[in-house]
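Worksheet for the structure shown next.
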Number of protein chains: 2
Amino acid sequence: MVVRRDLKPQGRGSASPALRPSGAITDAMSSRPPRGGQNPTMDQVAEAAGVSRATVSRVINGAPSVDAKIREMVERAIADTGYVPNVAARTLVTRRTNSVALVISEPERPNDTSFLNRVFTDPYFGRITAGATTALRPYDIHLVIIPTDSGDHHHVIRYLRQGHVDGVLLISSHEQDPLPRQVHDLGIPAVVSARPAQPIAASFVDVDQRLGARLAAEHLLARGCRRLATISGPLDIPAGMDRLEGFRAAVKGRHVPSIEGDFTRAGGEECARRLLADHPDVDGLFVASDLMSEGALRAVQDLGHRVPEDVAVIGFDDSSAALECRPLLTTIRQPVEEMAAEMAEMLLAQIAAPGRLPRSVTFQPTLVIRDSA
Amino acid sequence: MVVRRDLKPQGRGSASPALRPSGAITDAMSSRPPRGGQNPTMDQVAEAAGVSRATVSRVINGAPSVDAKIREMVERAIADTGYVPNVAARTLVTRRTNSVALVISEPERPNDTSFLNRVFTDPYFGRITAGATTALRPYDIHLVIIPTDSGDHHHVIRYLRQGHVDGVLLISSHEQDPLPRQVHDLGIPAVVSARPAQPIAASFVDVDQRLGARLAAEHLLARGCRRLATISGPLDIPAGMDRLEGFRAAVKGRHVPSIEGDFTRAGGEECARRLLADHPDVDGLFVASDLMSEGALRAVQDLGHRVPEDVAVIGFDDSSAALECRPLLTTIRQPVEEMAAEMAEMLLAQIAAPGRLPRSVTFQPTLVIRDSA
DNA sequence: CTGAAAGCGCTTACAG
DNA sequence: CTGAAAGCGCTTACAG
């Protein structure tokens with residue numbers, strides 16, 4: 001069976017050359033192990049089929065011009081020999097690896113003993129990975145996940161320059177992060193996860209942060225809260241700052257005590273404790289991430305307040321953490337999986353058409369009402 | 001500057017050919033972007049240095065036989081041109097990719113709407129990834145993380161057969177998982193995360209599960225608990241079964257009610273609720289993972305029991321989740337990061353010496369006393 | 001529609 | 001110690 005791989009997974013239109021399949025036969029050559037321990041070469045397949053190597057290459061790549069009978073013979077030979085194309089040889093000529101990198105760039109923070117553990121445990125990155133993987137699967141493109149902190153940016157750059165991947169999805173939130181610009185200067189196709197702090201001509205995907213914060217504010221006000229407060233994200237991250245400003249803007253004139261958190265559970269707990277110590281009469285709390293909300297809920301209730309009766313709490317993300325909260329967390333949903341999928345699609349388009357102009361896509365957040373507010 | 005890469009990161013001994021550096025100059029050719037947009041080729045470097053391509057290749061690969069002056073000229077030319085070797089071309093001849101796959105194989109479970117999200121959110125996998133990444137970094141070997149459920153095993157096999165990686169670290173816990181055998185049959189270097197259910201000649205790393213369970217039992221007994229119970233892991237996973245049996249064996253003769261959990265927070269909560277409904281007088285609870293313990297603690301306390309006064313609770317893992325529990329979780333530590341690092345080292349050794357006999361390494365768990373028991 | 005040939009960018013015996 | 005040459009396993013104009 002021959003499976004064509006075009007730009008659109010199920011597409012019929014002819015794809016641009018750059019995105020043409022580089023391996024159209026998938027199932028036939030999948031799991032059957034090679035004969036003599038060694039993988040057979042394309043020449044051996046050609047010999048077995050009684051054709052030239054070029055013809056074998058054509059049927060593998062789904063070239064339309066191959067005679068049906070010959071195609072059949074070749075396919076049988078491929079199945080018989082258990083042939084699988086050598087990816088290095090193919091990459092050498094096509095300049096395509098069928099891999100893209102997911103670079104997760106986080107600053108080193110004080111007390112951050114386990115950068116990797118944090119990254120691989122934060123639901124946000126899990127959702128990004130899930131969304132990108134799912135979007136890429138139909139194209140048979142693999143994701144190489146590369147977590148990096150400021151200490152090893154040059155490793156990442158070298159990896160990219162060596163041609164391991166066709167493009168990069170760059171998750172970078174920190175304002176001062178030099179990586180987006182460095183990647184951009186490489187000239188390799190790239191899509192960034194949010195508007196880059198420094199203006200570089202790169203495509204990115206974002207959620208309307210300020211709108212999300214406004215939805216949170218309006219919900220708290222609508223349920224009668226009058227003494228609002230907020231635990232923000234890190235203020236050197238645009239998402240942190242935007243959510244804070246958006247919240248402030250939406251409560252028009254009301255004074256809103258705030259405290260700067262760090263997007264972790266422990267941070268949320270600590271911040272809530274300090275916030276309530278200074279402002280014990282708060283009745284509505286906007287916490288800029290679900291993970292922080294989980295900690296904040298714990299602190300609020302430990303201090304003897306009922307949620308939502310005494311203090312209503314609303315989070316941001318709608319990650320799996322929202323369902324681990326007690327009470328279940330009312331929160332602002334950002335569609336992270338879909339955003340990551342969009343990044344992947346944009347990257348593919350850019351790989352196919354390198355001259356493509358950069359563009360940005362903004363998603364709308366939505367209010368998800370549960371029990372905490 | 002020339003950096004040698006041998007088997008031991010800081011090693012002086014000569015490594016086997018298979019593990020010789022395939023790119024010794026690292027810093028010099030790292031971040032500087034190429035001149036004319038296009039990456040320069042090795043021939044261009046050779047011309048710039050006034051030597052042959054072979055000589056350039058030798059200095060890049062740290063061949064000892066190069067004249068010091070010539071080496072210096074070549075290094076300057078490399079720096080001037082911003083040269084970075086093409087990884088596909090190199091792989092084509094050396095048959096080494098300097099990448100290994102981390103395959104995380106989990107069965108599809110009922111109600112498992114988000115396999116990927118779960119994998120990327122479970123601290124266990126986070127620790128595995130962190131440990132393997134850290135161990136591999138000194139060798140400049142990259143990790144390609146490939147989550148897979150039973151539905152796409154053939155994708156994984158094909159990926160491996162295409163030669164994307166030099167070897168695979170296979171995380172597979174499910175007893176019926178056919179992947180370990182399939183990977184083994186490929187003949188590619190591989191190390192498995194636990195004793196394979198079907199005996200295959202593969203190296204693996206494990207923790208002494210039964211000993212861990214015994215430490216838990218002894219601690220509960222020592223603090224005076226007499227009515228013990230346990231929430232086990234899935235019993236089709238050897239780790240789940242071993243911890244249950246180990247616990248039972250250690251309490252000699254006592255009746256121990258048990259209930260089968262699923263290694264998730266929600267599952268732990270649900271199990272604890274049901275267990276206490278049937279056995280309200282339990283005073284010591286062994287929960288076979290920290291994640292389940294987090295849920296179980298919630299349920300136990302919701303039902304009005306004090307921890308540890310009324311019910312002592314002890315977990316298993318010592319993951320980051322243990323510190324998110326209230327009270328802080330007493331637990332059995334398995335050194336997952338170190339285990340993953342050991343897997344990586346074993347894999348490297350096997351890649352260097354393909355004939356190497358398979359072996360297994362077993363780590364000892366330890367009791368970590370905090371507040372819950 | 002098919003094949004012979006060139007070429008992708010490296011490494012590595014083999015001479016010298 | 002260095003260079004010329006072969007070769008890794010593919011794809012792709014170019015002829016026919």
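Throughout, protein chains are lettered first and strands after them, A, B, ... in sequence-line order, and every chain is numbered starting at 1. None of these values were measured; they are calculated from a predicted model.
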### Message
Taking the nucleotide of DNA chain D with the nearest heavy atom to each, does M42(A) or S52(B) sit closer to the 5' end?
### Response
S52(B)
### Query
Relative to the 5' end of DNA chain D, which residue comes earlier, A89(B) or V51(B), by the nucleotide with the nearest heavy atom?
V51(B)
In this structure, how many angstroms lie between the [atom2] atom of [N] and the [atom1] atom of [X], rounded?
X: K69(B); N: dT2(D); atom1: NZ; atom2: P; answer: 11 Å
X: Q44(A); N: dC8(D); atom1: CD; atom2: P; answer: 11 Å
X: Q162(B); N: dG9(D); atom1: CD; atom2: C1'; answer: 13 Å
X: I70(B); N: dT2(D); atom1: CD1; atom2: P; answer: 4 Å
X: R95(B); N: dC8(D); atom1: CZ; atom2: P; answer: 8 Å
X: I60(B); N: dT12(C); atom1: CD1; atom2: C1'; answer: 15 Å
X: E47(A); N: dG3(C); atom1: CD; atom2: P; answer: 13 Å
X: R90(A); N: dG7(C); atom1: CZ; atom2: C1'; answer: 17 Å

Look at the side chain of [X] and decide which nucleotide, out of [options], has an atom nearest to it.
X: L92(B); options: dG9(D), dC10(D), dG3(D); result: dG9(D)
X: S57(A); options: dG9(C), dT11(D), dA4(C); result: dT11(D)
X: V93(A); options: dG3(D), dT2(C), dC10(D); result: dC10(D)
X: D67(B); options: dT2(D), dC8(C), dT2(C); result: dT2(D)
X: S65(A); options: dA4(C), dT2(C), dC10(D); result: dT2(C)
X: R53(B); options: dG9(D), dT11(D), dC10(C); result: dC10(C)
X: T94(B); options: dT12(C), dC10(C), dT11(D); result: dT12(C)

Heavy atoms only: give me the nearest [X]-[Y] pair and the separation to one decimal.
X: D177(B); Y: S105(B); value: OD2-OG, 2.5 Å
X: V192(A); Y: A202(A); value: CG2-CB, 4.1 Å
X: M346(B); Y: F204(B); value: CE-O, 4.1 Å

### Query
Quick one: is dC10(C) close enough that its OP1 or OP2 comes under 4.0 Å of any side-chain N or O from Y83(B)?
yes
### Task
Look at N61(A) and dT11(D) and indicate whether a side-chain polar atom (N or O) is within less than 4.0 Å of OP1 or OP2.
yes
### Message
Below 30° counts as parallel, above 60° as perpendicular, anything between as tilted: where do the rings of H142(B) and Y159(A) land?
### Response
tilted
### Query
Does T41(A) reach the main-chain N or O of Q44(A) with its side chain, forming a donor-acceptor pair under 3.5 Å?
no
### Query
Within the side chain of D152(B), is there an N or O that forms a donor-acceptor pair under 3.5 Å with the backbone of T148(B)?
no
For [X], report the nucleic acid contact type (base, sugar-phosphate, nothing); a contact means any heavy atom under 4.0 Å.
X: T55(B); result: sugar-phosphate
X: T41(B); result: sugar-phosphate
X: V66(A); result: sugar-phosphate

### Query
Given that both distances must come in under 3.5 Å, which nucleotide forms a Watson-Crick or G-U wobble pair with dT2(C)?
dA15(D)
### Query
Between the base of dG3(C) and the side chain of R58(A), is there any donor-acceptor pair under 3.5 Å?
yes
